[in-house]
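In what follows, a structure is listed as structure tokens, so that the remarks can point back to it.
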Amino acid sequence: MKLDLSAAPAPLRPLTDRSTWHLRANAPVVGWLLATVVVAVGHRWVPASPWLLVHLLLLGAVTNAICVWSQHFTDALLSRRVTPASRRWQVARLVLLNVAVVTTVAGMVTAAWVVTLVGAVGVGVAVAAHGTALWRQSRQALAARFRICVAFYVAAAWLLPFGAGLGATLARGLDEAWHTRVVLAHAGVNLLGFVGLTVMGTLMTLWPTMLRTRMADDAPRAARTTLALVLGGLAAGVAAVLLAAPPVAAVGLATYLAGVLVSVRPMVTAARRRPPATFATWSAACALAWLVGSLATLTGVLAFSGGWETAADRVGTVTVPLVAGFAAQVLLGALTYLVPVVLGGGPAAVRSTTAVLERGAVVRVVLFNGALALFVLPAPSLVHVLASLTALGALVAFLPLLVGAVLAHRRARRTPFVPPTADDVAAAHALGQDLRARAGGARQGPPVEAVTGPRRKGLAVAALSVLLLVAAGGVALDPAALGTGSGATSAAAGAAGTVAATGRTTTVEVEAADMRFVPSEIEVPAGDTLVLVVTNTDTTVHDLALDTGRTSGRIAPGATVTFDVGVVGRAIDGWCTVVGHRQMGMVLTITPTGAGAVTDAAASSGNAGSMGDHEGMAGMDHGSGGSAGSGPSGGAVPGGAAPRAAEDLDLLAMPGEDFTAYPAALAPAGPETVHRVRMAVSEVVTEVAPGVMQRLWTFGGTAPGPTLRGKVGDRFEITLVNDGTIGHSIDFHAGALAPDEPMRTIAPGEELTYTFTATMSGVWMYHCSTMPMSAHIANGMFGAVVIDPPDLAPVDREYLLVQSEYYLGPQGGEVDVDRLATGEPDVVAFNGYANQYDAAPLPARVGERVRVWVLPAGPNQGTSFHVVGGQFDTVYSEGAYRLRPGNAEAGGSQVLGLAVAQGGFVEMAFPEAGRYPFVSHVMIDAERGAHGLFAVTSP
């Protein structure tokens with residue numbers, strides 16, 4: 001008996017029309033794919049974007065596709081005729097599923113746990129009901145050779161409620177010890193269980209059908225073995241993860257991998273008989289390759305990490321390959337084959353629909369998988385960015401092709417030449433081929449016009465050329481990321497002095513580590529050509545610049561750069577030009593030895609110029625991170641470097657008409673208990689005082705960075721993304737945990753997730769902790785976390801003032817680290833701009849209760865916060881109240897005194913209308929810009 005997946009169910013229109021049904025049923029899949037694309041493009045500006053990307057794709061698009069197509073395959077494998085009643089129940093489950101997915105996403109984005117819980121329950125109920133329906137249909141059907149494939153669908157559907165429950169638990173909040181393990185268990189159950197089982201059960205029959213070849217005789221037996229191994233391995237792996245036993249988890253994962261390999265063996269046999277030749281088959285093959293590779297990598301990580309913390313830190317390396325390489329790719333490959341089949345319309349319609357979906361097949365497959373490989377492999381950040389855009393473009397191409405395929409199908413259906421028996425003919429090459437027939441029984445359907453021969457090779461070469469351009473373009477746009485620069489390989493001018501070249505070459509290996517060059521002193525025979533091999537073993541970016549004007553370019557952590565210094569005949573000084581590194585002792589001296597050598601750097605200045613003469617050269621100027629030549633006082637820097645912006649500083653000037661003050665108003669803490677924030681490091685040229693521009697390093701594009709607020713017991717998950725040009729890190733004083741991993745410096749293009757639970761109240765500082773820390777904080781890398789004391793009373797208005805200092809470099813340049821070392825700031829500001837609240841006073845009304853949180857971020861100056869004409873009746877400092885209303889002495893407070901990085905708040909009510917200045921009562925700092933106004937009006 002032949003299976004016919006193209007058979008339409010009886011009565012009821014439009015559900016009797018198979019193509020209409022599938023277009024409607026798969027509309028949510030397309031909608032969720034579009035949402036994924038939108039978030040992928042705008043992920044920098046979307047809250048919780050990594051979570052959204054994964055769940056829009058897997059929970060939205062993939063789950064909908066599984067629920068639609070697993071029912072379709074079950075109907076075919078069991079020779080089951082679809083009834084209107086069963087279709088209505090399927091529609092009801094799909095509606096519930098999509099409403100629940102929307103609810104889950106809304107709950108996570110708004111951090112409303114109850115909403116998330118309702119959504120998770122809805123998803124679990126919808127998918128479990130789907131699995132139960134398939135189980136009942138399987139039990140009621142006659143014996144079928146491939147009933148085991150339906151068992152894959154049932155097991156997968158019944159696993160998802162457990163995964164959804166783990167997800168809801170995560171949204172509620174867990175302590176650090178449990179959170180990471182539950183995340184991995186949640187991902188394992190959903191991705192390897194729900195998605196993985198469904199894919200393996202489907203490909204067992206779909207793969208030979210797509211290849212148009214016969215199915216292996218032992219395929220059903222292999223399917224049973226696979227199901228037993230993957231279920232056993234998954235159960236053992238998830239249990240071991242929850243019990244914090246990585247080696248046992250590795251055994252479970254290895255068992256799961258063994259099950260996958262068992263199912264792959266008959267697929268390889270089929271592919272040998274008829275190799276893949278279409279987008280659908282290539283995509284499915286590549287998806288399986290990513291799955292096997294990811295599972296093998298993950299097994300090795302769990303087996304050899306040694307401890308759970310290390311294992312948890314490394315498993316993220318397989319997230320993108322599993323989600324994009326496996327799940328997304330297999331979804332698009334399967335849809336490319338299935339859509340023309342279920343739309344039907346006869347051989348002509350199927351061919352025209354398939355032809356549209358197969359356009360650019362070779363280029364799309366090669367571009368996506370090659371770009372994904374570039375993204376996964378170690379590479380400069382710009383290469384990763386360009387690779388991710390290329391991979392996204394290759395995936396997104398499916399959507400307009402799908403629209404074109406539907407239009408082509410409709411045109412073909414309207415053609416009068418389509419025979420009336422179109423469905424019967426289409427079924428000949430549909431999934432309803434005789435899947436239950438013995439080996440050799442597969443029938444050939446209408447041919448698919450696959451690209452073959454030389455043309456295929458030419459297209460593959462063209463796609464590879466694009467990938468080479470992507471890699472080369474990323475390096476060309478940021479050559480320093482590979483440790484190369486304009487002078488990396490050319491001989492340096494002025495190094496030889498008057499010595500004659502010997503023709504010999506001396507090679508010296510130099511290590512950049514712990515803010516030092518090792519060795520820091522190099523001797524070379526006079527007249528020899530010196531070649532330096534510089535390896536950065538530190539966790540942050542470095543470079544090596546010489547007083548000859550030559551530079552290695554930026555050297556990423558772990559990278560090695562070789563460059564030719566030239567013939568050495570005089571003493572040469574070198575240093576790292578990254579801001580503050582030279583001042584911390586990252587210097588190097590090259591000294592020639594023997595006859596003709598000039599070993600006095602001062603005496604050699606006539607040949608090559610003084611060090612100051614070259615500080616404006618490429619790679620050593622302020623704009624590239626250097627400020628070595630800026631003096632401790634105002635005025636121009638010797639040697640022709642750009643003058644300090646302090647020359648243009650006028651603290652009595654008012655900002656321009658388009659000026660917008662940093663928002664000081666502080667919103668109250670919300671009901672959420674889990675706070676997920678994506679915080680990107682960016683370099684921004686911004687005004688810090690009227691007419692004074694500085695290139696700041698920022699969290700989230702502003703200095704101070706985004707303010708976080710919560711309550712005692714809340715959990716914060718902060719994803720730091722380094723979009724800067726040097727290494728950065730983040731340190732949250734609001735959490736107590738070992739700093740080794742979460743506070744580590746990450747290189748440009750990298751990201752890390754910092755998780756902590758707020759166990760104590762106060763206003764806490766966060767800042768970059770990369771050395772030199774003073775320079776990173778002074779250049780804008782700081783912010784505040786406000787954790788409310790229990791039972792904090794509401795007030796009428798609430799403000800946050802973060803005080804900081806600027807040590808001005810040149811206009812548009814970075815911090816002057818020499819000025820910073822003196823501790824004498826040029827500007828002291830509230831919320832990043834001198835005197836800004838003189839120009840934009842903070843509003844209040846007479847009699848209103850006003851709370852002002854204060855945090856001096858430094859890096860060097862504390863504060864003595866005072867409101868002129870006001871008195872504080874409440875003072876909270878460093879986690880405790882020092883003064884509250886109703887005290888027996890009827891006392892008050894005039895200032896809130898705080899050292900650097902301490903925090904607190906004061907409360908008061910203004911007695912009458914007027915303008916009340918607020919200042920740091922360290923008056924020199926008030927005169928440097930720590931000044932503002934409350935504009936108090938009558939009630």
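Heavy-atom basis, side chains included; hydrogens, waters and symmetry copies ignored. FYI, the numbering just counts along the sequence from 1.
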Would you give the length of the straight line joining atom [atom1] of [X] to atom [atom2] of [Y], rounded to the nearest 0.5 angstrom?
X    : Y    : atom1 : atom2 : result
L166 : L184 : CG    : CG    : 11.0 Å
L257 : L298 : CG    : CG    : 10.0 Å
F326 : L331 : CZ    : CG    : 10.5 Å
M200 : C149 : CE    : SG    : 11.5 Å
N26  : H72  : CG    : NE2   : 10.0 Å
F375 : T390 : CZ    : OG1   : 12.0 Å

Are the side chain of [X] and the backbone of [Y] linked by a donor-acceptor contact shorter than 3.5 Å?
X    : Y    : result
T226 : S263 : yes
Q329 : G325 : yes
S283 : A280 : no
S86  : V82  : no
R274 : P208 : no

What I'd like to find out is whether the side chain of [X] reaches to under 4.5 Å of the side chain of [Y], using heavy atoms alone.
X    : Y    : answer
W32  : T63  : no
L160 : N190 : yes
L231 : L197 : yes
V403 : V30  : no
L467 : L464 : yes
P28  : L94  : no
L288 : W207 : no
W282 : N369 : no

How close do [X] and [Y] get, counting heavy atoms only, and between which atoms?
X    : Y    : answer
A156 : G193 : CB-O, 4.0 Å
Y337 : T209 : OH-CG2, 3.4 Å
A284 : M210 : CB-CE, 4.0 Å
A120 : T104 : N-OG1, 3.4 Å
H130 : C67  : CE1-O, 3.2 Å
S138 : L78  : CA-CD1, 3.6 Å

I would like to know whether L159 and L234 meet side-chain contact (heavy atoms from CB on, under 4.5 Å); could you show each step before the answer?
-> CA-CA 10 Å; L159 279 173; L234 184 64; 3.8 Å; yes
Among all residues two or more places apart in sequence or in another chain, which pass the ring-ring contact (aromatic ring centres under 6.0 Å, His included) test with F398?
-> none
Let me know which of L402, V68, L335, L34 forms a side-chain contact (heavy atoms from CB on, under 4.5 Å) with V29.
-> L335
Hey, is CZ on R136 packed in by over 12 heavy atoms from elsewhere, all under 6.0 Å?
-> no
Examine the side chains of W158 and T132 and answer whether a donor and an acceptor come within less than 3.5 Å of each other.
-> yes
Donor + acceptor pair across side chains of T202, Y153 (<3.5 Å) | yes
Any chance you could lay out the side-chain contact (heavy atoms from CB on, under 4.5 Å) test for L407 and V356, step after step, and finish with the verdict?
-> CA-CA 10 Å; L407 294 177; V356 173; over 6 Å; no
Just do the side-chain contact (heavy atoms from CB on, under 4.5 Å) check on L338 and L206 with the steps written out, would you?
-> CA-CA 10 Å; L338 292 170; L206 180 63; 4.2 Å; yes
List the steps, then state whether side-chain contact (heavy atoms from CB on, under 4.5 Å) holds for L33 with L332.
-> CA-CA 10 Å; L33 286 174; L332 298 191; 4.2 Å; yes
